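Beneath this line is the structure, given in structure tokens, with notes to follow.
Just so it is clear, the model here is predicted, and its values are computed rather than measured.
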Amino acid sequence: MSRYRSNSPKLLRDALKDFLDDYPHRKRLKRGMILSIWEQTVGERIAGETENIHFEHGNLVVHVKNPAWRQEIHMKRFSIAKKLNDKVGEKIIREIVVRS
């Protein structure tokens, strides 16, 4: 019998967590979730200064043209990574790499 079927009701949050834990492409899905919540997490101003956000070998790569904003984001990269990882419930981002 599948672990998804039971006689007792289960919270949707718990059922979703169980499904995602078994989902074969969980990391890819959560990386997509991180990309979709980038602006919501960092704010409109920082999001407006960033472009070409993508993953490379577990690192989130962010391109920033303005040197002042590049330095600002570089200084906040650990707290931003923690917020994003916390929102998806798993350490998906090892580090944020800021490039120009």
Side-chain angles (χ1 to χ4, degrees):
M1 182 173 195
S2 170
R3 73 182 219 182
Y4 298 113
R5 293 186 182 260
S6 74
N7 293 333
S8 61
K10 192 174 208 178
L11 289 174
L12 180 59
R13 152 184 88 225
D14 296 336
L16 226 90
K17 183 184 177 320
D18 288 346
F19 172 76
L20 288 177
D21 287 346
D22 289 343
Y23 188 66
H25 303 289
R26 184 184 82 249
K27 281 201 183 233
R28 187 181 306 162
L29 176 69
K30 289 197 174 191
R31 285 177 181 168
M33 290 168 63
I34 285 172
L35 296 177
S36 72
I37 62 172
W38 172 257
E39 182 175 351
Q40 168 192 341
T41 305
V42 300
E44 193 175 309
R45 184 69 177 119
I46 289 177
E49 297 293 332
T50 59
E51 61 186 41
N52 193 16
I53 303 163
H54 62 279
F55 279 90
E56 287 180 11
H57 312 291
N59 297 323
L60 182 63
V61 179
V62 179
H63 291 264
V64 184
K65 289 185 179 179
N66 183 306
W69 278 104
R70 188 173 59 243
Q71 180 64 25
E72 178 76 17
I73 295 166
H74 179 76
M75 289 188 322
K76 293 182 176 183
R77 72 188 188 282
F78 296 113
S79 65
I80 293 170
K82 181 176 179 354
K83 284 180 189 177
L84 289 166
N85 284 330
D86 288 349
K87 285 191 177 190
V88 296
E90 186 175 350
K91 187 174 180 179
I92 299 296
I93 302 170
R94 288 191 317 214
E95 188 173 332
I96 294 179
V97 178
V98 184
R99 295 183 181 158
S100 40

Checklist entry - For Arg28, does its backbone N or O pair with a side-chain atom of Arg31 as donor and acceptor, under 3.5 Å? => result no
Checklist entry - Which residue pairs satisfy the salt bridge (Lys or Arg N to Asp or Glu O under 4.0 Å) criterion with at least one member in residues 37-48, sequence neighbours excluded? => result Arg45-Glu49
With heavy-atom distances below 4.5 Å as the criterion, would you say the side chains of [X] and [Y] are in contact?
X	Y	result
Met33	Lys87	no
Lys82	Asp86	yes
Val98	Trp69	no
Ile93	Phe55	yes
Leu35	Leu60	yes

Next on the checklist: I need the minimum non-hydrogen distance between Arg70 and Lys65, along with the two atoms involved.
Outcome noted: NH1-O, 3.8 Å
Checklist outcome for this item: In terms of heavy-atom contacts, Arg94 and Lys91 come closest through CA-CE, 4.3 Å
Item to check | Cluster link Met75 to Leu84, ILVMFWY, side chain under 4.5 Å | outcome: no
Checklist entry - For the hydrophobic clusters of this structure (ILVMFWY residues joined by side-chain heavy atoms under 4.5 Å, transitively), does one cluster hold both Phe78 and Ile46? => result no
Checklist entry - Once you round to the nearest 0.5 Å, how far does CD1 of Ile37 lie from NZ of Lys83? => result 11.5 Å
Item to check | Co-members of the apolar cluster containing Val97 [side chain, <4.5 Å] | outcome: Val61
Item to check | Matching residue for Ile34 among Ile53, Ile92, Thr41 - test: side chain to side chain contact (heavy atoms under 4.5 Å, CB included) | outcome: Ile92
